[in-house]
Amino acid sequence: MTALISIPPVFLHPLADRNGHPGALLLDAGVLERLGGPAALPQTVAGVLGELAGGLMGCYYRAGLDGAIAAQLDQAGWKRLPADKLHRADGELCNAMPSSATWVEGEWFLAPPSKPVGSQVASRALALHLVQLVSADADTHEIEAVLRQDPTLSYHLLRLVNSLGMGAGRRVTSFSQAILILGRSQLRRWLNLMLFSSREGDRRSPMLLARVAVRARAMELLARDAGLGKSRQEQAFMVGMFSLLGVLFGMPLPEVLQPLTMSEAVQQALLAHEGELGDLLGVVEAAERDDEAALASRLQALQIDTDGFNQVVADAYLWMQTVASGKTGQSHA
């Protein structure tokens with residue numbers, strides 16, 4: 001099936017610094033060489049890689065790649081990363097790593113939390129920003145744009161709406177709807193409480209946020225490119241943002257989602273990978289695994305070509321960088 005790919009897909013992985021914070025991107029250049037051949041990269045792929053190199057994070061590829069592709073990557077602003085500068089961790093991240101290592105790869109941030117996370121999970125700084133926006137009577141879309149940056153905070157907003165019975169008889173399918181149902185006064189009171197419920201000590205949080213930010217934005221853009229309407233695009237974003245809540249809380253995802261009243265399409269995607277949204281989630285998960293065959297099959301089913309996918313990847317990773325740096329606050333729709 002991989003032979004069907006004429007344009008090689010761009011597979012990326014965020015790298016953490018020694019403190020566990022996302023700070024760089026690692027390109028799977030081997031896929032480019034394997035699928036695109038030893039010749040120079042297609043112009044569209046080179047353009048996407050150039051966009052990424054202009055972002056806020058360093059861009060690297062593994063040392064050992066030679067030839068025209070390596071020369072193009074160097075010209076585009078990507079750098080070779082020697083093996084001794086990279087440490088792999090798939091379990092809990094510890095401080096005992098080689099002194100030469102600058103960056104950490106692997107899925108250590110998907111390991112269970114070292115201690116129960118509980119319900120106190122909001123970012124104090126983000127909650128404070130939201131309090132300021134609500135107090136200034138900011139536009140709902142502006143509040144939503146900030147809220148969408150943090151999956152745990154948005155999760156607790158939806159849970160609050162449902163626990164108060166304010167969403168009875170109706171399905172909450174977007175964050176803006178939840179804000180309107182709750183009302184500004186209640187929202188401001190809740191955010192003030194959340195200022196005192198900041199979660200401390202979970203080293204996984206920054207990389208988990210990076211992962212779900214990429215998922216959410218990529219799924220939203222893929223939904224758009226697949227011809228789905230605005231409502232479905234917003235739901236695709238929600239699925240991406242909530243898809244790793246079970247990992248974050250250290251609980252089964254169905255148990256985390258149980259208190260929420262969500263649309264059937266969102267639930268099917270999150271719990272069974274079914275429906276249009278489940279298909280979109282499958283695309284981003286295939287990309288995370290560098291699964292060329294699965295990606296090709298899923299993109300073909302959605303009638304999205306690899307060039308379109310690569311542009312989505314670039315846009316999603318660039319947006320993730322603004323989220324990780326705290327520099328975003330504008331709507332990205």
Side-chain angles (χ1 to χ4, degrees), residues 140-141 144-145 147-182 208 211-249 251-289 291 294-295 297-304 308-309 312-313 315-316 319 331-333:
T140 296
H141 294 296
E144 181 188 15
L147 180 67
R148 285 162 64 123
Q149 298 171 35
D150 191 320
T152 58
L153 194 57
S154 53
Y155 162 78
H156 279 279
L157 172 61
L158 291 184
R159 183 170 182 172
L160 176 65
V161 169
N162 286 285
S163 68
L164 294 176
M166 304 179 98
R170 55 194 302 187
R171 293 186 180 274
V172 178
T173 58
S174 70
F175 300 136
S176 59
Q177 185 182 2
I179 294 170
L180 292 173
I181 292 173
L182 185 59
L208 274 175
R211 171 67 66 88
V212 297
V214 169
R215 283 190 177 191
R217 181 59 172 151
M219 289 184 62
E220 182 179 36
L221 294 173
L222 287 168
R224 179 201 65 191
D225 291 353
L228 302 184
K230 184 62 178 176
S231 175
R232 271 290 195 262
Q233 293 173 35
E234 293 178 354
Q235 290 178 356
F237 185 96
M238 182 180 289
V239 169
M241 191 64 87
F242 282 3
S243 59
L244 291 176
L245 279 180
V247 174
L248 183 63
F249 286 105
M251 298 165 54
L253 184 57
E255 187 176 337
V256 179
L257 298 178
Q258 192 276 330
L260 301 181
T261 302
M262 295 182 295
S263 70
E264 185 176 353
V266 170
Q267 292 187 58
Q268 285 181 333
L270 288 169
L271 301 180
H273 283 63
E274 294 179 350
E276 295 171 327
L277 301 178
D279 292 340
L280 297 175
L281 181 57
V283 170
V284 297
E285 290 178 337
E288 291 167 1
R289 300 191 305 268
D291 190 334
L295 178 68
S297 176
R298 290 184 177 277
L299 289 178
Q300 185 176 31
L302 292 169
Q303 297 185 333
I304 297 175
F309 166 78
V312 164
V313 167
D315 291 345
W319 188 74
S331 174
H332 57 271

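Note that the structure is a prediction, hence the values are computed from the model and not measured. Every heavy atom of this structure was used, including side-chain atoms; hydrogens, water molecules and symmetry mates were not. In this chain, residues are counted from 1 in sequence order.
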Novice: Out of the candidates Leu280, Leu228, Asp279, only one should pair with Leu222 under the side chain to side chain contact (heavy atoms under 4.5 Å, CB included) rule; please name it.
Specialist: Leu280

Novice: Is a side-chain N or O of Tyr155 found less than 3.5 angstrom from the main chain of Val256, in a donor-acceptor match?
Specialist: yes

Novice: With rounding to the nearest 0.5 Å, note down the distance linking CD in Gln177 to CG in Leu158.
Specialist: 9.5 Å

Novice: What closest approach, in Å, do Ala236 and Ala223 show between heavy atoms, and which atom pair accounts for it?
Specialist: CB-CB, 4.0 Å

Novice: Distance from Glu264 atom CD to Glu274 atom CD, nearest 0.5 Å?
Specialist: 9.5 Å

Novice: Do side-chain atoms of Gln268 reach the backbone of Gly278 as a donor and acceptor pair under 3.5 angstrom?
Specialist: no

Novice: Could you go through Gln267 and Leu257, starting from their C-alpha distance and side-chain angles, then the distance that decides it, and tell me whether this counts as side-chain contact (heavy atoms from CB on, under 4.5 Å)?
Specialist: CA-CA 8 Å; Gln267 292 187 58; Leu257 298 178; over 6 Å; no

Novice: Which heavy atom in Arg289 sits nearest to a heavy atom in Ala294, and how many Å separate them?
Specialist: NH2-CB, 4.0 Å

Novice: For a quick test of reading the model, state the closest non-hydrogen atom pair linking Asp225 to Gly308 and the distance between them.
Specialist: OD2-O, 4.3 Å

Novice: Could you pull out the closest heavy-atom pair between Met238 and Val266, with the gap in Å?
Specialist: SD-CG1, 4.5 Å

Novice: Are the side chains of Val212 and Leu208 in contact, using a 4.5 Å heavy-atom criterion?
Specialist: no

Novice: Rounded to the nearest 0.5 Å, how far does CG of Leu245 lie from CG of Leu270?
Specialist: 8.0 Å

Novice: Decide yes or no for Gln258 and Pro254: does some side-chain heavy atom of the first lie under 4.5 Å from some side-chain heavy atom of the second?
Specialist: no

Novice: For the CH2 atom of Trp319 and the CG atom of Leu221, what is their distance to the nearest 0.5 Å?
Specialist: 10.0 Å

Novice: Between Arg232 and Arg224, is a side-chain contact (heavy atoms from CB on, under 4.5 Å) present by the stated rule, with each step listed?
Specialist: CA-CA 8 Å; Arg232 271 290 195 262; Arg224 179 201 65 191; over 6 Å; no

Novice: Looking only at non-hydrogen atoms, find the nearest pair between Ser243 and Arg215 and report the distance.
Specialist: OG-NH1, 2.9 Å

Novice: So do the side chains of Ile304 and Val312 get within less than 4.5 Å of each other, counting heavy atoms only?
Specialist: no

Novice: Side chains of Val284 and Val214: does their closest heavy-atom pair fall under 4.5 Å?
Specialist: no

Novice: Which heavy atom of Leu157 sits nearest a heavy atom of Leu182, and at what distance?
Specialist: CD1-CD2, 3.6 Å

Novice: Please report the interatomic distance CG(Asp315) to CD(Glu220), rounded to the nearest 0.5 Å.
Specialist: 11.0 Å

Novice: Report yes or no: is the cationic atom of Arg148 (NZ for Lys, CZ for Arg) closer than 6.0 Å to the six-membered ring centre of Phe237, at no more than 45° off its axis?
Specialist: yes

Novice: Say you draw a straight line from CD of Glu144 to CD of Glu234; how long is it, rounded to the nearest 0.5 Å?
Specialist: 6.0 Å

